[in-house]
2 protein chains.
Amino acid sequence: MTDELKEDGYEEKRIVPEPLMRWTGAILGRASQKVRDSFENRMSGSCLKSRHYGALILLEDGAKTQIELGRLLWIDRTTMVALVDELEKSGDVKRERHPEDRRAYLIQLTEQGQVTLARARQIADEVEDEIFSALSDQEREQLRELLGRLI
Amino acid sequence: MTDELKEDGYEEKRIVPEPLMRWTGAILGRASQKVRDSFENRMSGSCLKSRHYGALILLEDGAKTQIELGRLLWIDRTTMVALVDELEKSGDVKRERHPEDRRAYLIQLTEQGQVTLARARQIADEVEDEIFSALSDQEREQLRELLGRLI
DNA sequence: TATTGTTATACTCTATAACTATA
DNA sequence: TATAGTTATAGAGTATAACAATA
């Protein structure tokens with residue numbers, strides 16, 4: 001039940017029943033789930049999940065150790081290993097030794113990774129515009145502001 | 001890395017780095033994750049996870065089959081089995097044969113389930129007030145309205 | 001033929017514990 | 001002693017396939 005399209009193509013309506021609408025956390029969770037599902041559905045062609053995409057965005061800012069990356073992505077260091085493995089395998093990222101700390105790696109975006117990121121960002125922007133088309137630009141900005149204060 | 005409190009009690013700051021703030025889906029996902037974590041953290045005393053709580057809320061409205069319940073909770077029917085098993089084991093719910101469809105069960109809230117629900121709702125309301133204390137009542141209502149349009 | 005509930009199974013995501021090599 | 005990265009492992013959560021009983 002990960003998305004609206006079932007195997008035979010009929011559209012499964014995902015509603016939030018009225019008794020749950022009084023529970024703000026439930027609305028938030030369901031909106032988040034729907035947005036994430038739509039996003040990953042449309043990004044599936046590029047083999048990137050949202051976590052990979054997030055990592056690429058952060059690395060564009062400059063090379064980072066796995067621990068730093070994990071802290072920014074809310075991902076445990078043991079989980080980061082596989083994530084970086086995958087990005088390295090696809091050639092979007094490379095591990096380099098940290099010049100000042102021989103325990104650590106610096107994860108760097110490769111040239112190919114920059115291309116992947118640019119392409120992914122284009123798709124992601126399209127998807128976001130689609131998902132948030134129910135809101136005006138002003139409302140979307142308002143939503144971001146309100147959510148930002150919850151974190 | 002499920003919550004802000006680490007084993008030794010120091011508080012892990014969960015921030016959203018600026019490059020990710022431009023990605024609305026990321027903000028939404030992180031807000032949702034934080035709210036869910038806080039909620040389940042505080043509800044852990046009552047042994048209810050958010051899905052159980054959601055089920056009890058829906059059953060207050062009247063008995064439902066597992067399929068109906070699953071459709072309202074966005075939970076697959078194979079996953080519903082264990083969820084109902086747990087609620088039945090704790091005595092909050094009972095399976096009764098559907099009078100008009102001998103394939104189906106009707107899941108009913110027991111008297112004890114009503115007590116559990118009332119107690120859980122009290123805690124949940126407190127938790128929500130705490131979580132959303134960064135927003136005024138009006139802003140919180142606005143957030144619900146905006147999120148509702150995304151679903 | 002289709003649907004409800006069920007089981008077995010597998011896959012993803014994530015965290016804990018323990019290790020190594022450094023600091 | 002503490003930290004970065006790693007592995008093994010185990011626990012959630014969820015989905016697919018197949019089945020029995022019933023519609």
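This structure is a prediction, so every number in the text was calculated from the model and none was measured. Numbers restart at 1 for each chain; the letters A, B, ... are given by sequence-line order, proteins then strands.
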Pairing residues for Lys64(A) by the side-chain contact (heavy atoms from CB on, under 4.5 Å) criterion, not counting sequence neighbours: Leu59(A), Asp61(A), Glu68(A), Leu69(A), Leu72(A)
Residue whose nearest DNA chain C nucleotide is more 5′ - Arg51(A) or Thr78(B): Thr78(B)
Stretch residues 81-108 of chain B: residues that reach within less than 4.0 Å of DNA chain D through a heavy atom: Asp101(B), Arg102(B), Arg103(B)
Qualifying ring pair (Phe, Tyr, Trp, His ring centres under 6.0 Å) pairs, either residue in residues 81-132 of chain A, two or more places apart: none
Partner residues of Val81(B) under the side-chain contact (heavy atoms from CB on, under 4.5 Å) criterion, sequence neighbours left out: Gln66(B), Asp85(B), Arg95(B)
Arg51(A): salt bridge (Lys or Arg N to Asp or Glu O under 4.0 Å) partners, not counting sequence neighbours: none
May I have the list of side-chain donor-acceptor pairs in residues 141-151 of chain A shorter than 3.5 Å, sequence neighbours left out?
{"unit_1": "Glu141(A)", "atom_1": "OE1", "unit_2": "Arg144(A)", "atom_2": "NE", "d": "3.2"}
{"unit_1": "Arg144(A)", "atom_1": "NH1", "unit_2": "Arg22(B)", "atom_2": "O", "d": "3.4"}
{"unit_1": "Arg144(A)", "atom_1": "NH1", "unit_2": "Thr24(B)", "atom_2": "OG1", "d": "2.9"}
{"unit_1": "Arg144(A)", "atom_1": "NH2", "unit_2": "Met21(B)", "atom_2": "O", "d": "3.3"}
{"unit_1": "Glu145(A)", "atom_1": "OE1", "unit_2": "Arg149(A)", "atom_2": "NH2", "d": "3.1"}
{"unit_1": "Glu145(A)", "atom_1": "OE2", "unit_2": "Arg149(A)", "atom_2": "NE", "d": "3.0"}
{"unit_1": "Arg149(A)", "atom_1": "NH1", "unit_2": "Ala134(B)", "atom_2": "O", "d": "3.1"}
{"unit_1": "Arg149(A)", "atom_1": "NH1", "unit_2": "Glu139(B)", "atom_2": "OE1", "d": "3.2"}
{"unit_1": "Arg149(A)", "atom_1": "NH2", "unit_2": "Glu139(B)", "atom_2": "OE2", "d": "2.9"}

Atom-to-atom span, CG of Asp37(A) to P of dT14(D) - whole angstrom: 11 Å
Angle of first-five versus last-five pair axes in the helix from dT1(C)-dA23(D) to dA23(C)-dT1(D), to 10 degrees: 0°
Options dT6(C), dT12(C), dT16(C), nucleotide nearest the side-chain atoms of Asp76(A): dT16(C)
Set of side-chain contact (heavy atoms from CB on, under 4.5 Å) partners for Glu130(A), sequence neighbours left out: Arg42(A)
Contacts of type side-chain contact (heavy atoms from CB on, under 4.5 Å), residue Leu117(B), not counting sequence neighbours: Tyr53(B), Leu56(B), Ile57(B), Glu60(B), Leu109(B), Arg121(B)
